[in-house]
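First the proteins, then the strands, lettered A, B, ... as listed; each starts at 1.
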Amino acid sequence: MPELPEVETTVRQIRPLLVGQRIGDVRVRWAGSIVGRQVAGLRRALIGSRIERVWRRGKFFVFDLCHELRGRSYLVGHLRMSGRLWIESEGRPHDRHARVEIVLEGDQRLVFADVRKFGRLCLTQRPNEILGCLGPEPLTPDFTRAWLARALSNRRRQIKPLLLDQTFLAGLGNIYTDEALFRARIHPLRLAHDVAPAASQRLTKSIRQVLAAAIRREGSSFDSYYRTPEGRSGRYQERLLVYGRTGQPCRRCGTTIQRIVVAQRGTHVCPRCQPTPPAGRCAGGRG
DNA sequence: AGCTACTCCTGGTAGC
DNA sequence: TGCTACCAGGAGTAGC
């Protein structure tokens with residue numbers, strides 16, 4: 001599932017092919033991919049616009065657009081579970097999961113494909129209405145040990161659902177949350193305010209490390225859905241320490257990796273490296 | 001504030 | 001082989 005590393009990889013690969021291009025046409029093959037199903041409005045705004053910038057915030061990708069008559073607008077998108085972006089020749093037969101196609105100059109098109117149809121595109125003049133509520137970016141200087149320690153101390157909430165909350169920290173999903181918690185030796189059910197200072201420091205570092213390493217390997221192709229825009233599988237799944245390793249030995253201590261459910265999400269833990277919080281030090285969920 | 005349950009979806013797979 | 005049933009999961013929302 002696309003998380004920060006997969007979206008970053010996607011943006012890096014499509015950016016050089018998109019910036020400076022003018023949009024010639026837009027084909028919406030499934031209106032549900034457009035927020036509010038405003039297909040006509042989306043087409044009107046996009047056709048004739050030039051793509052000025054392609055960037056990422058959390059798991060969102062953003063195209064800054066400029067139209068000679070209509071001025072500036074922003075296409076903000078989210079890949080959710082199974083969304084993909086790539087650029088291909090207009091001559092190719094369309095992919096059966098293509099939901100939106102944006103026709104560019106030079107006989108090329110940008111394809112937004114999405115098997116499970118959870119992904120969304122939103123055209124807006126005010127991207128901050130979508131992006132403004134996101135927490136800090138974990139790979140920028142505002143994400144520090146001091147910030148995380150203070151933010152955790154304020155929250156009475158299980159650490160895993162907190163890390164998945166995009167308004168708390170932007171970009172982590174199920175895979176990299178499990179990986180970061182394992183590396184920091186924190187059980188996912190531990191209450192945020194109960195994470196020890198040393199563990200909080202390890203967590204800051206492990207979040208940065210796991211995301212940076214995953215970007216270097218172009219993300220994780222854990223299921224068959226994620227491919228880079230250039231058509232390759234990610235290579236970080238080979239490095240995963242707990243995610244998807246239920247029943248296999250922990251790479252650190254050899255104990256069998258367990259799968260539990262936390263906040264309705266499949267969650268992978270090493271019961272020895274990530275000891276279960278004592279009773280009263282974790283809320284709700286089962287171990 | 002923070003929990004659970006439900007919704008949106010399809011492809012893959014288990015069971016018969 | 002072919003059918004049904006169920007599951008995964010990011011994020012939004014409702015209800016408690």
Next item on the list: Check whether any side-chain N or O of A:Arg116 sits under 4.0 Å from OP1 or OP2 of C:dA8, and answer yes or no.
Entry: no
Note to self: I want to check one thing: is the phosphate of B:dG2, taken as OP1 and OP2, less than 4.0 Å away from some side-chain N or O of A:Gln158?
What the structure shows: no
Item checked: Distance test, side-chain N/O of A:Lys117 to OP1/OP2 of B:dT10, below 4.0 Å -> yes
Notebook entry, point to check: Rounding to a whole Å, what distance do you find between A:Phe168:CZ and B:dG2:P?
Noted result: 10 Å
Next item on the list: Quick one: label A:Gly32 by what it contacts on the DNA or RNA (base, sugar-phosphate, nothing), any heavy atom closer than 4.0 Å.
Entry: nothing
Margin query: Without decimals, in angstroms, what is the distance between A:Arg80 CZ and B:dC9 C1'?
Written below: 11 Å
Next item on the list: Please examine the side chains of A:Ile23 and A:Leu110, heavy atoms only from C-beta on, and report whether any two atoms are closer than 4.5 Å.
Entry: no
Notebook entry, point to check: Is there side-chain contact between A:Ile102 and A:Leu18, with at least one heavy-atom pair below 4.5 Å?
Noted result: no
Check: Over how many whole Å does the gap from A:Asp114 atom CG to C:dA8 atom P extend?
Finding: 19 Å
Next item on the list: Would you please confirm or rule out a distance under 4.0 Å between OP1 or OP2 of C:dA8 and any side-chain N or O of A:Arg259?
Entry: yes
Note to self: What's A:Arg96 touching, base or sugar-phosphate or nothing? Going by heavy atoms closer than 4.0 Å.
What the structure shows: sugar-phosphate
Note to self: How close do A:Ile159 and A:Pro188 get, counting heavy atoms only, and between which atoms?
What the structure shows: CG2-O, 3.4 Å
Notebook entry, point to check: Quick one: on DNA chain B, does A:Arg157 or A:Arg99 contact a more 5' nucleotide (nearest heavy atom)?
Noted result: A:Arg157
Check: Does a nitrogen or oxygen in the side chain of A:His78 sit under 4.0 Å from OP1 or OP2 of C:dG10?
Finding: no
Next item on the list: Give one of base, sugar-phosphate or nothing for A:Gln166, where a contact means two heavy atoms less than 4.0 Å apart.
Entry: sugar-phosphate
Notebook entry, point to check: Does A:His97 have a side-chain nitrogen or oxygen under 4.0 Å from the phosphate oxygens OP1 or OP2 of B:dC9?
Noted result: no
Notebook entry, point to check: With no angle test and no hydrogens, is the base of C:dG10 tied to the side chain of A:Arg265 by a donor-acceptor pair under 3.5 Å?
Noted result: yes
Notebook entry, point to check: Given atom CZ of A:Arg84 and atom P of C:dG10, what is their separation to the nearest angstrom?
Noted result: 18 Å
Check: Taking CG from A:Leu134 and P from C:dG10, how many angstroms apart are they, rounded to a whole number?
Finding: 16 Å
Next item on the list: Would you please determine if the base of C:dA11 is stacked by A:Phe118, with stacking meaning a centroid separation under 5.5 angstrom and planes under 30 degrees?
Entry: no
Note to self: Please report the distance, rounded to the nearest Å, between CZ in A:Arg120 and C1' in C:dG10.
What the structure shows: 11 Å
Checklist line | Check: A:Arg109 side chain, A:Val26 main-chain N or O, donor-acceptor pair, under 3.5 Å | finding: no
Check: Would you say A:Tyr176 reaches C:dG10's phosphate, i.e. side-chain N/O to OP1/OP2 under 4.0 Å?
Finding: no
Next item on the list: Could you state the atom-to-atom distance from NZ of A:Lys160 to C1' of C:dG9 in whole Å?
Entry: 11 Å
Note to self: So that I can tick it off, tell me whether A:Glu137 and A:Arg56 are bridged by a salt bridge, with the cut-off set at under 4.0 angstrom between side-chain N and carboxylate O.
What the structure shows: yes
Notebook entry, point to check: Just how far, in rounded Å, is P of C:dG10 from CZ of A:Phe60?
Noted result: 14 Å
Note to self: Quick check: closest heavy atoms across A:Trp30 and A:Lys117, and the distance to 0.1 Å?
What the structure shows: NE1-NZ, 3.2 Å
